[in-house]
Asks: 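Take this structure, written in structure tokens, and hold onto it; I'll ask about it next.
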Amino acid sequence: MFGRKKNTFPGGIHPTDGRDKMQTYDKPIQRFNMKEPGPPMDYEQQVTGPGDHKRQEILEILKEKGLTGMGGAGFPTYLKYSTDKDIDVILINGAECEPFLTCDYRLMLECAPAVINGVLILKRAAGAGKAIICIEDNKKKAAERLREFTGGISDVEVLLLPTRYPQGGERQLIQAVLGKEVPKGCFPADVGVIVSNVATAKAAADAVLGKKKPESRVVTVTGAVKSPGNYLTSVGTSLRDLLLHCEGVTAEENMVILGGPMTGKCVAVNWDGGEIGEVTLTTAGIVVIPGKGWEVQPCIRCGACIRCCPAGLAPVNIETAFLKEEWKLCEELYASECIACGCCSYVCPARRELAYHVIEARNTIRQRRDVSQ
């Protein structure tokens with residue numbers, strides 16, 4: 001299912017055929033514990049654009065509504081777009097390269113006018129001259145659907161990319177699309193780019209044009225469950241209730257992953273129906289993996305983690321420094337540049353928890369910097 005990538009960004013692996021997504025690929029969004037919606041508004045049916053809303057007004061609305069990025073990081077959207085840097089282009093991330101997840105795909109397919117309006121709103125908020133909606137080529141239907149509403153808009157492009165993992169990472173997407181590298185310690189805005197998830201764009205339209213707070217999101221529930229699907233549910237919904245709505249798990253031995261299998265967090269092993277958390281704005285999916293896990297073995301010094309790292313790091317060396325609490329060495333090995341893609345753990349034949357340890361090293365470095373400042 002996975003192969004080695006060529007001619008995009010350094011290192012990495014990629015799903016080649018999308019079979020992992022087939023459980024939910026054609027499952028329309030269902031509402032779970034949500035009130036029935038009223039009549040659709042104009043911006044949900046046709047491209048209206050931001051109208052008379054000026055940049056500062058848009059930023060104030062995004063701040064007032066409390067919109068944060070819905071692609072994973074959860075950074076406040078108004079802060080990201082309040083930059084004083086000159087922004088040439090915004091990239092709308094519809095790559096959804098994480099295996100098994102299809103929530104963004106269904107959102108683009110079913111809510112295309114609102115997504116496009118959100119893109120135009122964010123483009124104005126950034127003061128950018130162009131917006132590029134980036135979609136991997138295993139989602140051609142979504143690209144075709146969005147192009148139905150962008151035909152007459154010269155400054156919005158829908159771009160199909162080869163299916164690669166982890167192309168949906170912010171820096172990797174910038175490099176794949178624009179050929180630009182974001183230097184160490186810098187942000188995308190420093191190279192004239194802002195990246196936002198496609199769900200964030202839809203939520204921006206809801207906030208500015210629909211005057212709605214971001215109180216719900218689409219969540220993919222898939223893997224070893226009886227009724228996999230994509231569910232629109234309120235923030236704060238119990239993950240337990242969502243899994244039970246899908247008629248529970250089908251494997252007695254299982255691991256419940258919050259997010260995707262590459263970047264997500266295991267919240268339960270052999271789940272027995274207990275509480276495991278709540279839906280947040282960044283909850284893209286719940287994936288139930290059958291099996292009982294694996295036993296960690298000593299490193300065999302194969303170098304696979306170094307060869308595959310998209311950020312060009314040496315995960316095995318960072319892990320060693322982390323376990324010895326050698327924080328200066330972790331910093332010298334650029335642990336702070338880890339993008340948390342999980343590639344190192346995926347390729348490791350010894351099943352070492354490389355990604356977890358490197359991410360912990362990265363977070364520790366940042367915390368120590370904050371304290372020292």
Side-chain angles (χ1 to χ4, degrees), residues 24 29 31-32 34 43-44 58-59 61-82 90-98 100-112 114-123 125-126 131 133-136 139 142 146 166-170 173 188 194-210 212-222 230-237 239 242 257-260 262-265 277-287 339-341:
T24 57
I29 297 170
R31 302 175 74 84
F32 174 64
M34 297 279 293
Y43 79 93
E44 296 174 301
I58 291 172
L59 294 174
I61 293 173
L62 297 180
K63 181 179 180 180
E64 176 193 345
K65 299 298 183 184
L67 179 60
T68 62
M70 299 173 72
F75 192 75
T77 304
Y78 87 93
L79 279 178
K80 179 182 281 192
Y81 282 82
S82 296
I90 65 168
L91 301 184
I92 302 300
N93 190 350
E96 198 169 43
C97 63
E98 181 81 29
F100 290 95
L101 304 187
T102 57
C103 52
D104 287 350
Y105 169 71
R106 295 307 311 183
L107 194 70
M108 291 185 283
L109 206 58
E110 299 181 40
C111 306
V115 168
I116 299 301
N117 282 318
V119 172
L120 293 170
I121 287 168
L122 293 180
K123 187 173 78 69
I133 306 173
C134 311
I135 304 174
E136 292 190 334
K139 307 174 191 67
L146 292 178
Q167 191 163 229
E170 189 173 62
L173 192 65
I194 291 180
V195 182
S196 284
N197 179 264
V198 67
T200 308
K202 163 68 165 57
D206 291 336
V208 176
L209 302 177
K212 304 173 187 175
K213 289 187 175 181
E215 297 176 339
S216 63
R217 70 155 296 137
V218 180
V219 180
T220 300
V221 185
T222 188
N230 290 292
Y231 298 92
L232 177 65
T233 188
S234 299
V235 170
T237 295
L239 299 178
L242 194 51
I257 310 297
L258 183 58
M262 295 295 286
T263 63
K265 176 183 178 182
E278 299 175 342
V279 172
T280 70
L281 281 180
T282 59
T283 305
I286 308 170
V287 182
I339 64 169
C341 66

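Model, not experiment: these values are computed from the prediction. We use all heavy atoms of the structure for the numbers below, so side chains are in, but hydrogens, waters and symmetry mates are not.
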Asks: Using every non-hydrogen atom in the two residues, find where Ala207 and Leu62 come nearest and quote the distance to one decimal.
Replies: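 It is CB-CD2, 4.5 Å.
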Asks: So for atom NZ, which belongs to Lys213, do other residues, nucleotides or ligands contribute more than 12 heavy atoms lying within a distance under 6.0 Å?
Replies: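 Atom NZ in Lys213 is not packed in, count stays at 12 or less.
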Asks: Between the main-chain N or O of Thr263 and the side-chain N or O of Glu98, is there a donor-acceptor pair closer than 3.5 Å?
Replies: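 Checking the backbone N and O of Thr263 against the side chain of Glu98, a donor-acceptor pair under 3.5 Å is found.
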Asks: Below 3.5 Å, can you tabulate the donor-acceptor pairs from side chains in residues 65-77 to any protein atom, sequence neighbours excluded?
Replies:
unit_1: Lys65; atom_1: NZ; unit_2: Lys211; atom_2: O; d: 3.4
unit_1: Thr77; atom_1: OG1; unit_2: Leu67; atom_2: O; d: 3.4

Asks: Tell me if a side-chain donor or acceptor on Lys139 pairs with a main-chain N or O of Thr102 at a distance below 3.5 Å.
Replies: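 Such a contact is absent between Lys139 side chain and Thr102 backbone.
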Asks: Once you round to the nearest 0.5 Å, how far does CD1 of Ile90 lie from NZ of Lys123?
Replies: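 Going from CD1 on Ile90 over to NZ on Lys123, the span is 7.5 Å.
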Asks: Looking at Asn230, Thr237, Leu232, which one forms a side-chain contact (heavy atoms from CB on, under 4.5 Å) with Phe32?
Replies: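 Testing each of Asn230, Thr237, Leu232 against Phe32, the sole residue satisfying side-chain contact (heavy atoms from CB on, under 4.5 Å) is Thr237.
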Asks: So do the side chains of Ile257 and Ile286 get within less than 4.5 Å of each other, counting heavy atoms only?
Replies: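 Not in contact.
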Asks: Provide the closest heavy-atom pair for Leu281 versus Ser216 in the form atom of the first, atom of the second, distance.
Replies: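 That would be CD2-O, 4.2 Å.
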Asks: Are the side chains of Ile61 and Tyr78 in contact, using a 4.5 Å heavy-atom criterion?
Replies: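 SC-SC contact between Tyr78 and Ile61 ruled out.
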Asks: For Asp104 and Val198, indicate whether the former's side chain and the latter's backbone hold a donor-acceptor pair under 3.5 Å.
Replies: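 Pair absent, no side-chain N/O of Asp104 close to backbone of Val198.
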Asks: Just by distance, do the side chain of Glu110 and the backbone of Ile29 share a donor-acceptor pair under 3.5 Å?
Replies: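 Pair found, side chain donor or acceptor close to backbone of Ile29.
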Asks: Please evaluate residues Thr24 and Val221 with respect to the criterion side chain to side chain contact (heavy atoms under 4.5 Å, CB included), reporting the C-alpha separation (whole Å), side-chain torsions for both, the decisive distance (0.1 Å), and the verdict.
Replies: CA-CA 8 Å; Thr24 57; Val221 185; over 6 Å; no
Asks: What closest approach, in Å, do Thr220 and Phe100 show between heavy atoms, and which atom pair accounts for it?
Replies: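 Scanning both residues completely, I find the closest heavy atoms to be CG2-O, 3.7 Å.
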Asks: Compare every heavy atom of Glu96 with every heavy atom of Asn93, then report the nearest pair and how far apart it is.
Replies: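 For Asn93 versus Glu96, the nearest heavy atoms are OD1-N, 4.2 Å.
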Asks: On a heavy-atom basis, which atom in Met34 and which in Ser234 lie closest, and how many Å separate them?
Replies: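 So the minimum-distance heavy-atom pair works out to SD-OG, 3.1 Å.
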Asks: When you look at Leu146 and Ile135, which way does the side chain to side chain contact (heavy atoms under 4.5 Å, CB included) test go after all the steps?
Replies: CA-CA 10 Å; Leu146 292 178; Ile135 304 174; 3.7 Å; yes
Asks: Measure the CG-CD1 distance between Leu209 and Ile121 for me, rounded to the nearest 0.5 Å.
Replies: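 The CD1 atom of Ile121 is 4.0 Å from CG of Leu209, to the nearest 0.5 Å.
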Asks: Cys103 versus Arg217: any side-chain heavy-atom pair under 4.5 Å?
Replies: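 Counting from C-beta outward, Cys103 and Arg217 do come under 4.5 Å.
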Asks: Would you say Met262 and Pro166 make side-chain contact, with heavy atoms under 4.5 Å?
Replies: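 SC-SC contact between Met262 and Pro166 ruled out.
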Asks: If you measure from CD1 on Ile92 to CD1 on Ile194, what distance do you get to the nearest 0.5 Å?
Replies: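 Interatomic distance, Ile92 CD1 to Ile194 CD1, rounded to 0.5 Å: 9.5 Å.
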Asks: For residues Ser196 and Lys80, report the shortest heavy-atom separation together with the two atoms involved.
Replies: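 Where Ser196 meets Lys80 most closely, the heavy atoms are OG-CD, 4.3 Å.
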